[in-house]
Chemist: 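I have a structure I would like to understand better, so I am pasting it below and will then ask my questions one at a time.
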Amino acid sequence: MLTSSPARFRDPGYWKHHFAVSDCILVRCPRCDRQAEVVTAVRDAGEDSSRFDVPRRLVCRHCGLSRQRNKNDPIVFFRGGSQEMLDPYFHESLWLQRNTRHGRLWAYNPEHLDLLRRYVQATLREHDPWYEPWRKMGLFGRLPSWIKQAKNRDEVLRGLDRMRASLAA
């Protein structure tokens, strides 16, 4: 009898703030409580948008809110757990977050959400060799253990799917 091969996931080696420096972070608009975006406001064509000090804007396409981040404002990365997750630039609530009975699931943007979903649903997770210690504690090495456990897979996938559904709404 042939068995299907396990769903594989190969760790891309992203570091823990990889998606925080991306071009778009989805947040809850402080004015209308709908989906808004923190986007890079790159002025020069040659400027690298994958840095923390790149100018950022908070833009809501529903109510027209537009804010420029002040260069003197601190960039704060909030820790996971049961508290509400905030974006590091404007400190607004992330759009993609959901409570489960084990803890809070969250993602910065749809790409982050898709990567988390592929990781959780995989039955075979491949990582870089342990002799590269600088890579072993990347994005997936720092996930809470309840997300990684097979016994919680269905519940975590359900939470991730609900977050995905909020994008269409």
Chemist: To the nearest 0.5 Å, what is the distance between CZ (R117) and CZ (F9)?
Modeler: 13.0 Å

Chemist: Counting only heavy atoms not in R57 (residues, nucleotides, ligands), do more than 12 fall under 6.0 Å from its CZ?
Modeler: yes

Chemist: What about L65 and V27, same hydrophobic cluster or not, with Ile/Leu/Val/Met/Phe/Trp/Tyr joined at side-chain heavy-atom distances under 4.5 Å?
Modeler: yes

Chemist: Should L26 and F90 be regarded as members of a common hydrophobic cluster, given that ILVMFWY residues are connected when their side-chain heavy atoms come within less than 4.5 Å of each other, either directly or indirectly?
Modeler: yes

Chemist: With rounding to the nearest 0.5 angstrom, report the SG to CZ distance, C24 to R56.
Modeler: 10.0 Å

Chemist: Would you please say whether a donor-acceptor pair under 3.5 Å links the side chains of Q149 and N152?
Modeler: yes

Chemist: Is there a path of hydrophobic side-chain contacts, each under 4.5 Å between heavy atoms of I/L/V/M/F/W/Y residues, joining W106 to I75?
Modeler: yes

Chemist: Do L143 and L94 belong to the same hydrophobic cluster, where Ile, Leu, Val, Met, Phe, Trp and Tyr are linked whenever their side-chain heavy atoms lie under 4.5 Å apart, directly or via other members?
Modeler: yes

Chemist: Please answer: with hydrophobic residues joined when any side-chain heavy atoms are less than 4.5 Å apart, are L96 and V39 in the same cluster?
Modeler: no

Chemist: Would you call the rings of F140 and Y119 parallel, tilted or perpendicular, where under 30° means parallel and over 60° means perpendicular?
Modeler: parallel

Chemist: Mind checking what makes side chain to side chain donor-acceptor pair (under 3.5 Å) contact with N109, not counting sequence neighbours?
Modeler: S22

Chemist: Report, as yes or no, whether the 6.0 Å neighbourhood of atom CZ on R31 holds more than 12 heavy atoms from other residues, nucleotides or ligands.
Modeler: yes

Chemist: Parallel, tilted or perpendicular, judged at 30° and 60°: which one describes the rings of Y14 and H18?
Modeler: parallel

Chemist: To the nearest 0.5 Å, what is the distance between CZ on R118 and CZ on R10?
Modeler: 13.0 Å

Chemist: So, applying side-chain contact (heavy atoms from CB on, under 4.5 Å) with L160, which one of T100, I147, V120 is it?
Modeler: V120

Chemist: May I ask you to decide if the ring planes of H112 and Y108 are parallel, tilted or perpendicular, using 30° and 60° as cut-offs?
Modeler: parallel

Chemist: Answer with yes or no whether the side chains of R69 and Y89 bring together a donor and an acceptor at under 3.5 Å.
Modeler: no

